[in-house]
Amino acid sequence: MSDNLQEKESLNFIESIIDKEIKEGKTNVYTRFPPEPNGYLHIGHAKSICLNFGLAKRFNGKCNLRFDDTNPVKEEVEYVDSIKEDVKWLGFEWEGEERYASDYFDQLYDWAEKLIMEGKAYVDDQSSEEIASQKGTPTKPGQESPYRNRTVDENIDLFRRMKAGEFKDGEKILRAKIDMASPNMHMRDPIMYRIIHKEHHRTGNKWCIYPMYDFTHGQSDYIEGITHSVCTLEFENHRPLYDWYLNQIIDTEYRPRQIEFARLNLSYTVMSKRKLLELVKEKYVSGWDDPRMPTISGMRRRGYTPESIRNFAEKIGVAKRENVIDVSLLEFCVREDLNKRADRLMAVLDPVKLIIDNYEGVEEIVSVENNPEDSESGFRDIPFSKEIFIERDDFMEDAPRKFFRLSIGKEVRLKGAYIVKAESVVKDSDGNITEIHCTYDKESKSGSGTEASERKVKGTLHWVSARHAVAVKVRQYDRLFNNDDPAAFDDYKTYLNPDSLKVLDNCMAEPAINLLKPLDTVQFQRQGYFCMDKDSTKGEIIMNRTVTLKDGWAK
RNA sequence: UGACCCAUGGUGUAAUGGUAACACUACUGAUUUUGGUUCAGUCAUUCAAGGUUCGAAUCCUUGUGGGUCAACCA
């Protein structure tokens with residue numbers, strides 16, 4: 001029966017393709033995640049990672065991590081390291097050691113010579129401008145290069161001299177000889193190798209010619225035994241070239257297959273590496289791991305969990321249709337996860353003092369459950385006293401009838417403690433409330449079992465005992481852009497949300513906050529989920545707001 | 001005036017010729033010592049026109065709309 005259920009589970013279109021192939025006798029599934037180490041991974045990459053590793057897992061296959069490092073101008077070791085960390089953090093394990101396209105440079109070079117020998121590639125002496133001008137347009141065919149019909153001997157000689165470093169950057173180039181009239185621009189004698197005199201993060205100064213993406217990717221797949229080369233839609237037009245190159249070198253039955261899917265777009269954010277890099281370089285954010293960034297490292301610092309991101313990737317599905325996922329789905333996923341696992345803590349973000357005038361004694365201890373969603377999580381003790389802080393928003397002198405919080409003459413429950421009634425307020429010369437004076441019902445203590453403790457009151461407030469309060473700094477993060485599709489505009493930066501970060505310096509938390517370590521997540525009761533920032537020190541606790549709680553009141 | 005791809009509620013994703021469904025969002029209500037959670041419910045969907053078929057979201061044709069492609073980027 002359970003088998004039946006599993007069979008009924010719907011497959012995405014890639015899984016359907018593989019499922020069909022397996023039924024037709026194909027035996028293995030081998031995928032790869034192929035980032036270029038020229039930036040940090042973002043939530044869009046997470047979709048691809050979950051897809052590729054997920055496919056391997058589902059079909060008992062393998063998945064490689066391969067760095068597509070064919071352009072030393074843009075690539076750096078810093079990015080390699082961060083990418084490895086992020087993939088691991090997301091919970092995936094690649095097959096063996098990570099791979100590098102640069103590991104295949106020798107083989108790629110040999111294949112290039114082979115193509116030259118067969119008259120299928122030639123060296124072009126023209127400038128990039130000249131080549132571009134002969135390329136034609138999508139609706140007009142291109143013209144053939146005057147160097148297109150050089151002899152094999154001449155081409156080989158020139159190519160070897162390119163490799164030997166006899167020419168400057170841009171002086172010569174190796175092109176495949178395909179079809180300048182092809183309706184597919186990528187087939188109009190695409191560039192295979194260009195000269196770049198620049199040290200490579202892996203191969204050092206061994207090479208001064210580097211292969212282009214198209215001449216690298218399919219062959220790398222072939223070398224690694226990849227069966228399904230899953231990439232995003234913009235490579236759809238490259239597929240004929242992917243296949244053409246493979247046709248030149250393959251002499252076995254095995255052949256990798258490119259399949260394209262629609263990349264992830266998220267509302268209220270930008271996803272392109274170029275734009276993210278701009279935000280970092282121009283200091284609109286504090287770095288790649290700024291908690292407002294849609295990068296994996298930013299989300300980690302913000303307090304997102306790997307589980308919530310994987311679950312998100314599962315929920316958004318995989319298809320070929322352009323899509324913009326509502327960021328509220330991401331928020332739903334992290335709340336869903338954190339609700340189950342985050343211990344509750346009380347913290348007052350905008351404190352105002354509340355004094356219980358008839359409170360007897362100095363202080364006492366109350367006991368509160370750590371997480372009502374997790375019976376294993378137990379209870380903790382919290383100090384309570386005559387003077388406490390509550391949220392400024394939780395008090396109104398004259399409240400509308402739907403206001404379930406504190407106002408003069410009205411009662412509320414202090415979470416885990418007593419029911420209090422507001423009697424009067426003290427204000428400063430500007431009219432700001434500085435103290436709220438209350439009386440409490442001595443018999444109403446939570447859990448005491450008395451009749452008074454069972455009384456129902458409209459609202460329950462979080463609070464912190466004034467003399468025990470721990471000062472914390474809170475960073476309230478909000479969406480980075482205030483337009484739901486900023487990427488649609490060239491001047492997307494004008495849509496940056498000026499309130500995407502609010503720093504609150506005078507927050508007060510209960511003493512248990514001292515037990516937290518960096519990256520620990522808690523729920524501040526009635527506020528949201530917060531994650532201790534890595535910049536916290538002994539003297540200063542910094543909490544990043546991951547996401548607010550859903551607010552059913554929302555004035 | 002090219003090639004390739006795509007079109008299902010507000011947003012996503014299913015339904016694989018046989019009752020259009022699931023999730024998110026929004027909104028109701030119940031429960032609640034978090035205006036959270038949980039539970040119950042409501043609103044809302046096949047781009048258009050032809051054709052094939054007993055039967056079409058699904059297959060065909062033609063439109064329409066959208067995306068991608070003219071880096072010595074990936």
Side-chain angles (χ1 to χ4, degrees), chain A residues 9-13 16 20 34-36 38 68-71 73-75 101 124 127-128 131-133 135-142 169-175 182-188 191-196 210 212-214 216-217 231-240 260 262 267 273-274 315-333 335-336 339-340 344 346 368-369 372-373 402-405 412-417 419 446-447 453-462 484 523-528 548-554:
Chain A
E9 195 179 332
S10 71
L11 305 177
N12 66 46
F13 82 99
S16 299
K20 188 162 169 250
E36 184 190 13
N38 68 341
D68 230 327
D69 56 349
T70 58
N71 185 359
V73 175
K74 294 187 174 177
E75 295 148 8
D124 198 328
S127 68
S128 62
I131 291 175
S133 72
K135 193 113 191 183
T137 70
T139 52
K140 265 188 299 189
D169 288 11
E171 224 175 300
K172 296 218 175 338
I173 205 145
L174 184 70
R175 292 226 256 170
S182 170
N184 183 330
M185 299 291 290
H186 298 285
M187 301 300 273
R188 321 243 262 229
I191 291 163
M192 293 167 62
Y193 268 91
R194 75 286 214 199
I195 299 169
I196 303 176
Y210 292 92
M212 299 287 288
Y213 164 85
D214 286 304
T216 306
H217 204 88
C231 63
T232 47
L233 247 29
E234 64 269 30
F235 291 99
E236 217 154 18
N237 291 340
H238 294 240
R239 185 159 17 106
E260 310 86 12
S267 62
K273 277 195 205 172
R274 199 201 93 232
K315 279 187 152 71
I316 59 177
V318 178
K320 296 191 73 158
R321 162 159 59 148
E322 294 288 335
N323 61 83
V324 182
I325 305 290
D326 196 327
V327 72
S328 64
L329 180 61
L330 222 207
E331 294 174 346
F332 167 82
C333 289
R335 285 193 190 106
E336 181 187 43
N339 179 48
K340 287 179 297 190
R344 274 58 170 169
M346 291 200 284
V368 171
E369 60 195 334
E373 304 300 317
K402 297 281 273 178
F403 187 77
F404 297 159
R405 310 178 191 179
V412 292
R413 157 80 58 189
L414 294 174
K415 173 78 183 172
I419 292 172
S446 290
S453 73
E454 306 287 330
R455 281 170 53 209
K456 300 289 178 202
V457 287
K458 266 285 165 51
T460 301
L461 306 188
H462 60 279
D484 65 356
Q523 182 196 106
F524 283 162
Q525 201 102 116
R526 302 209 299 137
Q527 301 280 2
T548 60
L549 252 30
K550 244 179 94 176
D551 186 0
W553 196 52

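Labels below follow one simple rule: chain letters A, B, ... track the order of the sequence lines, proteins then strands, and each chain is numbered from 1. A quick note: this is a predicted structure, and the numbers were derived from the prediction, not measured.
The side chain of A/E236 lies closest to B/rC4 when the candidates are B/rC4, B/rU34, B/rU11. Of the candidates B/rG35, B/rG12, B/rG36, B/rG35 carries the atom nearest the A/R405 side chain, counting heavy atoms from C-beta on. With distances taken from any side-chain atom of A/P183 to the nucleotides B/rA3, B/rG36, B/rC73, the minimum falls on B/rA3. The side chain of A/M185 has B/rC69 as its nearest neighbour among B/rU33, B/rU37, B/rC69. Closest approach to the A/A319 side chain among B/rG36, B/rU11, B/rA14 is made by B/rA14 (side chain taken as heavy atoms from C-beta onward). The nucleotide whose nearest atom lies closest to any side-chain atom of A/S446 is, among B/rG36, B/rA74, B/rU33, B/rU33. Of the listed nucleotides (B/rC24, B/rC69, B/rC72), B/rC24 has the atom at the smallest distance from the side chain of A/S328. In this structure, of B/rC24, B/rG12, B/rU37, it is B/rC24 that holds the atom nearest to the side chain of A/L329. You'll find that the side chain of A/D551 is closest to B/rG35, out of B/rU68, B/rG35, B/rG36. Among the nucleotides B/rU11, B/rU68, B/rC5, the one closest to the side chain of A/N237 is B/rU68.
Regarding contacts with the backbone of B/rG35, a side-chain N or O of A/R526 is found under 4.0 angstrom from either OP1 or OP2. Contact annotation: A/K315 side-chain N/O to B/rU13 OP1/OP2 distance is not under 4.0 Å. A sub-4.0 Å separation between OP1 or OP2 of B/rG35 and a side-chain N or O of A/T460 is absent. Put simply, A/R188 has no side-chain N or O that comes within less than 4.0 Å of OP1 or OP2 on B/rC69.
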Dot-bracket, RNA chain B: Watson-Crick or G-U, under 3.5 angstrom, [ ] crossing, | other strand? .((((((..((((....[..)))).(((((.......)))))....(((((..]....))))))))))).....
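A donor-acceptor contact under 3.5 Å links the side chain of A/R413 to the base of B/rU33.
Contact annotation for A/S16: base contact, defined as any heavy-atom pair under 4.0 Å involving a base atom. A/I325 comes within contact range of the sugar-phosphate backbone alone, with a heavy-atom separation under 4.0 Å but no base atom that close. At a threshold of 4.0 angstrom between heavy atoms, the contacts of A/F332 are confined to the sugar-phosphate backbone, with no base atom among them.
In summary, A/E36 and A/K74 do not engage in a salt bridge, as defined by a charged side-chain N under 4.0 Å from a carboxylate O.
Separating the C1' atom of B/rA44 from that of B/rA49 is a span of 25 Å, rounded to the nearest Å.
In this structure, the separation between CD1 on A/I195 and CD on A/E171 is 6.5 Å, given to the nearest 0.5 Å.
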